[in-house]
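Per chain, numbering begins at 1; letters A, B, ... match sequence-line order.
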Amino acid sequence: MSQDRYNAKATEQKWQKIWNNAAVFRARMEEGKPKAYVLEMFPYPSGRIHVGHTRNYAMGDVVARYKRAQGYAVLHPMGWDAFGLPAENAARERGEHPGTWTRQNIEAMKAQLGVMGLSLDWSREIATCDPDYYQHQQALFLDFLEAGLAYRKEATVNWDPVENSVLANEQVVDGKGWRSGAPVEKRKLTQWFFRITAYADDLLESLEGLARWPDNVRLMQENWIGKSYGAQWTFALEGSGNPEAQKGLEVYSTRPDTIFGMSFCAIAADHPLAQALAQENPQLADYCREVAQSSTMQADLDTAEKTGFDTGLKAVNPFDPAHKVPVFVANYVLMEYGTGAIFGSPAGDERDFEFARKYGLPIKTVVAPEDSANPESFDADAKGEPFAGKGVVINSEFLNSLTSDEALEKVIDEFETRGLGTRKVVYRLRDWLISRQRYWGCPIPVIHCEACGVVPVPKDQLPVALPEDVTFDKPGNPLDHHASWKYVDCPKCGKAARRETDTMDTFVDSAWYFTRYCDNTAETPTNREATDYWLPVDQYIGGIEHAVLHLLYARFFARAMSKTGHLDVKEPFQGLFTQGMVCHETYKSADGRWLYPDEVEYKDGKAVERGGGAPVTVGAVEKMSKSKRNTIDPEEIVEQYGADTARWFMMSDTPPERDIEWTQSGIEGAWRYVQRLWRLVDEALPHLPATGAAPPDDFSDEALSLRKATHKTVKAVTTGIEHFHFNTAIARCYELASEIGARAHAGLDAPGAGFAVREALEALTGLINPFMPHLAEEIWQKLGHETLMVETPWPTFDEALTVDDAITLPIQVNGKKRGEIEIAPDADNATIEALALEDEGVKRAMGGKAPKKVIVVPKRIVNIVI
RNA sequence: GCCCCCUUGGCGGAACUGGUAGACGCAUGGGACUUAAAAUCCCAAGUCCGAAAGGACGUCCCGGUUCGAGUCCGGGAGGGGGCACCA
């Protein structure tokens, strides 16, 4: 018999054309069907699709195709996160406009995605750099502005000296810019913010309801929002007539229960009081300047010594007028958190302890560990280290012998009764700084007028489009350098005014793009009919690196857009799945150059350079990166093995949330399976009954056993896909293929064998379809069907055919397996026990002793205790 | 420093609420087909002892709970991640 090898490339192109011509992936709102919005995080158009993208989209495609087969109306769109700095850098390097570069990249990447056979609705494609998109973002900004969710303020901000722009807190990683890696500087600038803190509590509380989010992402957001509970109150100050000092000193603390241990107060260098006092005291002014200039880099902060400058002022303990402590300006107090002022209770805080030791301040222990034998005698100073935990309060007058938590409440009650302070919740989360001094982003649609102030651009004048004729020859914002763009008349008074030249953080673009897919032609940012139907996203898939940044911003946007009437959904992503990265071995030549995988081959188990044969050092398995050259080009893989093989390989073996190691032998294993299925159908086909043939009355044991294997596999693969256990689902597909092969080999003459094999092949085709859609179509057609696999419902199973007539029950003696018995699944315990005690291995192990106890776990195990 | 997660053969990994540890794949060894190779098919395989039957040991380490622990509890080691002068 002639055995053609499966021609992946030609076959895949054929089916892609058929799908496209039939527009099968066009999403439609359908009455009477459940909907499924499946979304993968859209890519930045860097120029090439890499394997990481491929894995991400393949996963989404499995879900989308599965849901489609399950009868859902599916929305599975794709677009481009197209604004951003790399385009400006490219423009500078090649003299090409960022838009030209970006659009070329989009075209190239779209073609690369095309060969993957993804079930995407390209009619909904969006690119965030397109005025059709960003004009709506500008409209949203204006609505946020009106609703008080966008505002401008002067603040100390993170300045990235490489990008020549400011960054949001979320974009500063270890004191460095998230993209440039340059140490971030502090600058005081007037910038635009989104009031994300207005939703701090809601963003935190709602995390609990996100049952289909990974725990670690929820935890990371929880930590990022950083809710803390404490008190805020004001100390009276003595020793200065300065008006700022007359106001007293407002502090925030999560441990007001330690107030009697106070030995100093400290304020930030940029605290208004510090600034006011510096006016009168040149030495203090110098100190403040020094602190302001000191590095904020993490490494420096860790080693930096705590320093302080005694202002000469005294703060008075409101509960003990005789208890007065010095007020310092200190370098470790931050203006941005709480009130920018603290009280120092050294026995209970590491930093305060260090500070107190340095300046010879008293260290009075006020909290003893709960398990202290004699709390009164506990002394942190004597011990040489602070005790920061909670416990029993000592040396604290009316708080004595209370637990820390009780004392906390009591002291706050006291503050409130005396009108000195209040309970207060403080969040670590800051408002989202969205101004960027860049060209390639969405312009902030406001105009600055000397007479009228900040004037919103009227909506009918949107978009505020980026000018095309810009130059990148000098540092700074090209929009600001542009000869005419910013000079406009005030929309309100008509006098000469200036456009805002800042553009929005690109994370704004991605904070709402998923709403635009619902109707990318809507005249307003969203079409409510469409968003009400499709949102929330049922399954979102992307990298863990966005756990805080993008995912938090999108959650904020859903709230802000709901408040301004653009949406009616608080949580945009019902299900979230974070997939692992794609890794590969690294290779180095004898002279220390990194080598690409295709420059290396294995000979006799040793890695050598292809061609020359020079020895190669095999390094660690690491995330694919250009710098280490351990990359695989998805295009080449598809060219050689086809998209199905690549998809199958990426979904098998490794659970999707973990990092996967790309191996040559792995991809070849997947390729063998493709060929094997193809051959299986080829060989069996002549012996099979026609499509749709009625089941015969009689089945041989072998045929029945194949049928059971089929129905069990359908059940297992279905639940596997539901739970993102793609690797185990695929393992079951391997097993079923083996069963079919064994049956086909044994001949198809037995009663019902032909029917069982056809049934098995058709089911298997349906099961592999989400993973290998082209092969599935081809096999489906080969099996005699005229319908498209993509429009075929998901295989079903008969529960009765998933249970066995006889099960194997292991028998343990004292917890060690000594034998097994075959028994009907519904056998009663007495029968099982009797049979178990007769087993040869069991008898041997019991050595003639009588059982003390026999434990029978139905359908599981028998344990005999002697 | 604080918080979270992980650790199973030569490798990737399976094992539902405590119930046969190692499914499936990769690599390996043996065999079949072939002049030969490739491709394909079949078989073997946790480690140790044993010709075999069988036995002992075995899920990072130590201890505990249980008839029974990869799974639960306590302590420790190693790896990964998040946050971090956050008051």
Side-chain angles (χ1 to χ4, degrees), chain A residues 3 5 173-175 214-224 226 228 230 251-256 258 266 268 296 298 301-302 304 306 330-334 336-345 348-352 354-355 388 426-430 544-545 547-548 605 621 649 652-655 658-661 663-670 672-673 675-676 679 719 723 725 727-735 737-738 741-742 745 808-820 840-841 844-845 851-866:
Chain A
Q3 280 196 5
R5 271 167 80 90
V173 181
D174 291 337
D215 290 342
N216 60 336
V217 175
R218 290 190 294 182
L219 189 70
M220 281 159 74
Q221 294 214 355
E222 195 181 313
N223 290 339
W224 188 264
S228 66
V251 299
Y252 171 76
S253 174
T254 55
R255 294 298 300 275
T258 64
T296 52
Q298 200 54 50
L301 285 178
D302 287 341
K306 291 175 184 34
N331 65 346
Y332 72 99
V333 180
L334 305 175
E336 295 85 45
Y337 190 80
T339 61
I342 61 163
F343 81 90
S345 195
D349 183 282
E350 213 161 299
R351 294 152 303 166
D352 296 346
E354 187 186 332
F355 193 84
V426 167
Y427 298 91
R428 212 189 65 104
L429 183 71
R430 301 297 141 71
I544 185 80
E545 67 272 19
V548 174
V621 174
F649 165 62
S652 58
D653 295 351
T654 304
R658 285 197 216 169
D659 290 351
I660 185 172
E661 184 190 351
T663 61
Q664 184 62 27
S665 53
I667 187 87
E668 280 166 8
R672 273 200 292 274
Y673 185 70
Q675 297 296 349
R676 188 173 171 204
R679 247 190 341 267
T719 51
H723 294 101
H725 295 162
N727 54 329
T728 52
I730 281 176
R732 302 307 297 265
C733 291
Y734 274 103
E735 282 176 308
S738 296
H745 265 270
T808 307
L809 220 49
I811 316 298
Q812 295 181 333
V813 177
N814 285 347
K816 286 190 190 292
K817 189 191 159 196
R818 298 298 180 185
E820 51 186 37
E840 280 308 317
R844 198 179 320 120
K852 263 190 217 147
K853 192 152 92 169
V854 178
I855 294 146
V856 178
V857 185
K859 295 182 193 175
R860 283 274 176 216
I861 205 165
V862 179
N863 192 10
I864 300 166
V865 187
I866 55 170

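The partner of B:G74 is B:C62, by the rule that a Watson-Crick or G-U pair needs both atom distances under 3.5 Å.
Listed by chain and number, the residues in a side chain to side chain contact (heavy atoms under 4.5 Å, CB included) with A:Ser228 are A:Tyr252, A:Thr254, A:Tyr337, A:Val426 (sequence neighbours excluded). Judged as a side chain to side chain contact (heavy atoms under 4.5 Å, CB included), and not counting sequence neighbours, A:Ala731 has no contacts. Residues passing the ring pair (Phe, Tyr, Trp, His ring centres under 6.0 Å) test with A:Phe343 are A:Trp233, sequence neighbours excluded. Under the side chain to side chain contact (heavy atoms under 4.5 Å, CB included) criterion, A:Pro655 pairs with A:Glu657, A:Arg658, A:Asn727, not counting sequence neighbours.
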_Chi angles and distances behind the side chain to side chain contact (heavy atoms under 4.5 Å, CB included) call for A:Val621, A:Asp659_ = CA-CA 10 Å; A:Val621 174; A:Asp659 290 351; over 6 Å; no
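If you find the closest nucleotide of RNA chain B to A:Thr339 and to A:Ser665, the one lying nearer the 5' end belongs to A:Ser665.
Comparing B:A77 with B:A87, their P atoms are spaced 28 Å from each other, to the whole Å. Using P as the reference atom, B:G1 and B:G13 are 30 Å apart when rounded to the nearest Å. B:C62 and B:C57 have their P atoms separated by 14 Å, with the value rounded to a whole Å.
Comparing atom distances between the A:Val865 side chain and each of B:C67, B:A23, B:U20 picks out B:C67 as nearest.
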*Nucleic acid footprint by protein, nucleotides 46-60 of chain B - heavy-atom cut-off 4.0 Å, B for base, S for sugar-phosphate alone*: --------SSSS---
*Contact state string [nucleotides 4-13 of chain B, B base, S sugar-phosphate only, - no protein heavy atom under 4.0 Å]*: S-------BS
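For A:Lys853 and B:C67, a side-chain-to-base donor-acceptor distance below 3.5 Å is absent, hydrogens and geometry of angles not being considered. For A:Asn863 and B:C67, a side-chain-to-base donor-acceptor distance below 3.5 Å is present, hydrogens and geometry of angles not being considered.
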